[in-house]
Amino acid sequence: MIRDVTQKEGLFCMDIQINRRFNEKELPDMKTIKDEAKKIASGITIGETLFMKKYGVRSEAEYKRRMMKEGRIMKHSVIGWNSWSVTAEGIRKVYDSLTEAGSSIDRLGICCDWIMGVPEQYRDKFQAGGSLIFHSQEEWNAIGQVVPVNPHLGDHMIGSLNGVENVTYGLKAGVTTIGNLAQYFTYEYPGLDMEAYRTEDYIKAMAVMGEFKDQGVCMHCNLDDGYGAQFHDVANLLGWAKLERYIAEELMGGRVAHCYGNLFSDSMLRVVFNRAISMIDKYHTPGTFVNGNTIDYGFSLPRNYAALCSYALADAACQLTYPTGYAVAPVPFTEAIRIPTPEEIVEGQLTMDMVIEKAPYYARYMDWDKINADAELLTAGANIFFERVINALDDLGVDIEHAGEIAAVVKAIGPEQLETAFGAGRRDQDAMRGRVPVRPTSIVQTINKIRDDALAKINVENAGPLEGINVVVGSTDVHEFGKEVIKNVVKKAGATVFDLGTTVSVAEVADTLIETGSNIVCMSTYNGMAYSFARDLLTSLKEKGMEGVHVLMGGRLNEPLDGSDVPVDCTGRMKDMGINVDNDVDSIVGTIAEFARMDQEK
């Protein structure tokens, strides 16, 4: 529906399109939700992990505050395969190898399968991905009983369709940092239209977590996994983080531990943002981790080594100078190529050790006055964005004291409209989204550079080579970087682009091809589901009599196949099916142009 929003503080008036999936006014009132959460929490006793026993702490937050006082930088990595036995073996191998090398690791993010975000009674209707699935409290408990490293649960927990249940199991297993608040806004579960249920479950899970805040329990929120990744202005991204804090802390009574980094390739911007996000942290909750910069990772291992050292040095220098509890996260050098092995995880951790050792020499010469001044500018912009959004929601009749109403409506508005209407930047009709960013995000800078480099190799003067061609683009999962790159390249080359966004279903692709008269679709994929998505898409197209559609897929083209515990490369199989798997931004314009020429000659 369309609603008129008269913004306060003398700003302009404009229409906001709210794509509601349910009526938020039908949610239970806040007292009912909090009472139910309190009852659930009364039956939970936080378990004790080997990590807690070794360090004599009740939570990761308690441990982090101790390490901050000691001036020690903590380290993080992600781990997980599609069976617990293989994962447990991998965890032991990482821990033992680091111990033997005189190193250590503080926390491990356990990769759970997407189907863990689906209530158990619906799981038999869907195909699981390539990550872990727990079936009982005993299996959950094993997370913290392998080695004395803090377990972290992020994906498909809070914000999924199964948040309350997963929080209950996780806390009983001794996991005191559980996320991922951001995924409510971007992760979808195709085939289950349960948005009202999901929203209620979302805020109820927050309330359950809030009941344990005095024991150090924190709600993890990776900005890069939610709407945060889709803002073009860092000031608005920070304002979004403030809105998340308002919902989870002020309204639901919990504590938020933010995370960022995947989409920050500018090393100094990482430092500025860390200072800024700490400035809006009212309760001084230690952050979870600063994720590695994966924008610059590709198929060149030497470049990946260099990328790690560049971002890691900045992250370490920041934590040495302003300890905020964020663990540093060396992304394994093979991350963009395959699921890393335990040996590759260890290699990244040992590289980080050397970076941490050398970081003090750089930190003492960094201009911290300028860094803090830039952070304060972002904070000022964030406050503007936050106030504008809250005021607009109030004008729209949203109860700004009801966490569920706020979450549902801002999700229905979407990041592009939020930034265009309420962003902190100066209005300029020639700027992207009509505003000049206070500070552009790394992803905007990187996408523009990749686009310009690719287009410099072809002739796009006057009419572009793809003029008059319709192209559908989308991402099979929440990661939108690859999709955005391709969209910008083919759009600049003259194509008319129909962007389906992230977590796209096969049905959405087929329907959009029909509605738009498109004959070309470009899909980006990352989370180990390339083969099954390609197979299902081709099956759907055949059933609809659309065998002539050209399907191009790129990103991480792998999936667990033939009983493998880890995703394996699917490029050959997908090529044999008729999928274009060139995976090359430099050649995609020529490829699409050739497909269009072939269609015209038929």
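The shown structure was predicted, so the numbers you read here are calculated from the model rather than taken from an experiment. Below, all heavy atoms of this structure are taken into account, side chains as well, without hydrogens, waters or symmetry copies.
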Novice: Heavy atoms, side chains only, cut-off 4.5 Å: are Ile40 and Lys204 in contact?
Specialist: yes
Novice: When rounded to the nearest 0.5 angstrom, what distance separates CG in Asn580 from OG in Ser587?
Specialist: 7.5 Å
Novice: Which atom names give the shortest non-hydrogen contact between Val167 and Ala205, and what distance separates them?
Specialist: CG2-CB, 4.1 Å
Novice: Say whether, by atom type as modelled, one donor and one acceptor occur between the side chain of Ser442 and the main chain of Ser265 under 3.5 angstrom.
Specialist: yes
Novice: Does a side-chain heavy-atom distance below 4.5 Å link Leu557 with Asn583?
Specialist: yes
Novice: Go through Asp536 and Thr539 one step at a time and tell me if the side-chain hydrogen bond (donor to acceptor under 3.5 Å, both in side chains) criterion holds.
Specialist: CA-CA 5 Å; Asp536 294 347; Thr539 299; 5.3 Å; no
Novice: Tell me which pairs pass salt bridge (charged side-chain N to carboxylate O under 4.0 Å, His left out) where either residue lies in residues 155-167, with sequence neighbours left out.
Specialist: none
Novice: Just wondering, do Val497 and Val490 contact through their side chains at under 4.5 Å, heavy atoms?
Specialist: yes
Novice: Picking from Glu139, Gln137, Glu138, what satisfies side-chain hydrogen bond (donor to acceptor under 3.5 Å, both in side chains) with Asn141?
Specialist: Gln137
Novice: Can you name the closest pair of heavy atoms from Ile18 and Ala412 and give their distance?
Specialist: CG2-CB, 3.6 Å
Novice: Verify whether one side chain among Thr571 and Asp569 offers a donor that lies under 3.5 Å from an acceptor in the other.
Specialist: yes
Novice: Provide the closest heavy-atom pair for Gly528 versus Pro560 in the form atom of the first, atom of the second, distance.
Specialist: O-CD, 3.7 Å
Novice: Closest heavy-atom contact between Pro332 and Tyr297?
Specialist: O-CE2, 3.2 Å
Novice: Strictly below 4.0 Å, N to O, side chains only: are Glu484 and Lys487 in salt-bridge contact?
Specialist: yes
Novice: Taking atom NZ of Lys575 as the centre, report whether more than 12 heavy atoms of other residues, nucleotides or ligands fall under 6.0 Å from it.
Specialist: no
Novice: Look at atom CD of Glu195 and say whether more than 12 heavy atoms of other residues, nucleotides or ligands are closer to it than 6.0 Å.
Specialist: yes
Novice: Just distance, no hydrogens or angles: give the donor-acceptor pairs under 3.5 Å from side chains in residues 117-126, sequence neighbours left out.
Specialist:
residue: Arg123; atom: NE; partner: Ile115; partner atom: O; Å: 3.2
residue: Arg123; atom: NE; partner: Val118; partner atom: O; Å: 2.8
residue: Arg123; atom: NH2; partner: Val118; partner atom: O; Å: 3.3

Novice: Could you tell me if the side chain of Arg338 sits less than 4.5 Å from the side chain of Glu344, heavy atoms only?
Specialist: yes
Novice: Going by the rule ring pair (Phe, Tyr, Trp, His ring centres under 6.0 Å), which residues pair with His402 if we only count those two or more places apart in sequence or in a different chain?
Specialist: none
Novice: Enumerate, atom names and distances included, each donor-acceptor pair closer than 3.5 Å involving a side-chain atom of residues 217-227, sequence neighbours excluded.
Specialist:
residue: His220; atom: ND1; partner: Thr288; partner atom: OG1; Å: 3.0
residue: Asn222; atom: OD1; partner: Asp224; partner atom: N; Å: 3.0
residue: Asp224; atom: OD2; partner: Gly261; partner atom: N; Å: 2.9
residue: Asp224; atom: OD2; partner: Asn262; partner atom: N; Å: 2.6
residue: Asp225; atom: OD2; partner: Asn180; partner atom: ND2; Å: 3.0
residue: Asp225; atom: OD2; partner: Gln183; partner atom: NE2; Å: 3.4
residue: Tyr227; atom: OH; partner: Lys411; partner atom: O; Å: 2.7

Novice: Under 3.5 Å, side chain of Asp113 to main-chain N/O of Ser131, donor-acceptor pair present?
Specialist: yes
Novice: For Phe595, run the side-chain contact (heavy atoms from CB on, under 4.5 Å) check against Asn519, Val471, Val549, Leu552 and tell me which one passes.
Specialist: Leu552
Novice: Taking the side chain as everything from C-beta on, heavy atoms only, tell me whether Leu541 gets closer than 4.5 Å to Glu543.
Specialist: no
Novice: Please report the C-alpha distance between Thr199 and Tyr184 in whole Å, then the side-chain angles of each, then the deciding distance to 0.1 Å, and finally whether the side-chain hydrogen bond (donor to acceptor under 3.5 Å, both in side chains) criterion is met.
Specialist: CA-CA 8 Å; Thr199 303; Tyr184 166 80; 2.7 Å; yes
Novice: Counting N and O atoms only, with roles assigned by atom type, does the side chain of Ser83 sit under 3.5 Å from a partner on the main chain of Val86, one being a donor and the other an acceptor?
Specialist: yes
Novice: Salt bridge or not for Asp499 and Lys491, using N-O below 4.0 Å?
Specialist: no
Novice: Would Tyr202 and Tyr197 count as a ring-ring contact (aromatic ring centres under 6.0 Å, His included) if you check the C-alpha gap in whole Å, the side-chain angles of each, and the deciding distance to 0.1 Å?
Specialist: CA-CA 9 Å; Tyr202 180 48; Tyr197 172 87; over 10 Å; no
Novice: Do Val409 and Glu24 come within less than 4.5 Å of each other through their side chains, counting heavy atoms only?
Specialist: yes
Novice: Could you verify whether a donor N or O on one side chain and an acceptor N or O on the other, from His76 and Asn291, lie under 3.5 Å apart?
Specialist: no
Novice: Answer yes or no: is there a donor N or O on one side and an acceptor on the other, between the side chain of Thr503 and the main chain of Thr186, under 3.5 Å?
Specialist: yes
Novice: Do any N or O atoms from the side chain of Gln417 and from the backbone of Ile413 form a donor-acceptor pair under 3.5 angstrom?
Specialist: yes
Novice: Enter the distance from Ile203:CD1 to Ile247:CD1 here, rounded to the nearest 0.5 Å.
Specialist: 9.5 Å
Novice: Please check this pair: side chain of Asn19 against backbone of Arg21, looking for a donor-acceptor N/O pair closer than 3.5 Å.
Specialist: no
Novice: Within the structure provided, determine whether Met30 and Leu251 are in side-chain contact (heavy-atom separation under 4.5 Å).
Specialist: yes
Novice: What closest approach, in Å, do Glu559 and Cys570 show between heavy atoms, and which atom pair accounts for it?
Specialist: N-SG, 3.4 Å
Novice: In terms of heavy-atom contacts, does CD of Glu416 have more than 12 from other residues, nucleotides or ligands at under 6.0 Å?
Specialist: no
Novice: Between Glu188 and Arg198, does any side-chain N to carboxylate O distance fall below 4.0 Å?
Specialist: yes
Novice: Looking only at non-hydrogen atoms, find the nearest pair between Val489 and Ile588 and report the distance.
Specialist: CG1-CG2, 4.2 Å
Novice: Hey, are the side chains of Ile390 and Tyr246 touching, using non-hydrogen atoms and a 4.5 Å cut-off?
Specialist: yes
Novice: Can you name the ring pair (Phe, Tyr, Trp, His ring centres under 6.0 Å) partners of Tyr169, sequence neighbours left out?
Specialist: Trp140
Novice: Looking at residues at least two apart in the chain, or sitting in another chain, which of them share a side-chain hydrogen bond (donor to acceptor under 3.5 Å, both in side chains) with Ser505?
Specialist: Glu508
Novice: Counting the benzene-type ring for Trp, do Trp240 and Phe422 have ring centres under 6.0 Å apart?
Specialist: no
Novice: For Glu405 and Lys25: C-alpha separation, side-chain torsions, deciding distance, then whether salt bridge (charged side-chain N to carboxylate O under 4.0 Å, His left out) applies.
Specialist: CA-CA 7 Å; Glu405 286 196 31; Lys25 294 297 182 182; 2.9 Å; yes
Novice: With rounding to the nearest 0.5 angstrom, report the CZ to CE distance, Phe134 to Met116.
Specialist: 6.0 Å
Novice: Could you tell me whether the side chain of Glu211 and the main chain of Ala37 form a donor-acceptor pair under 3.5 Å?
Specialist: no
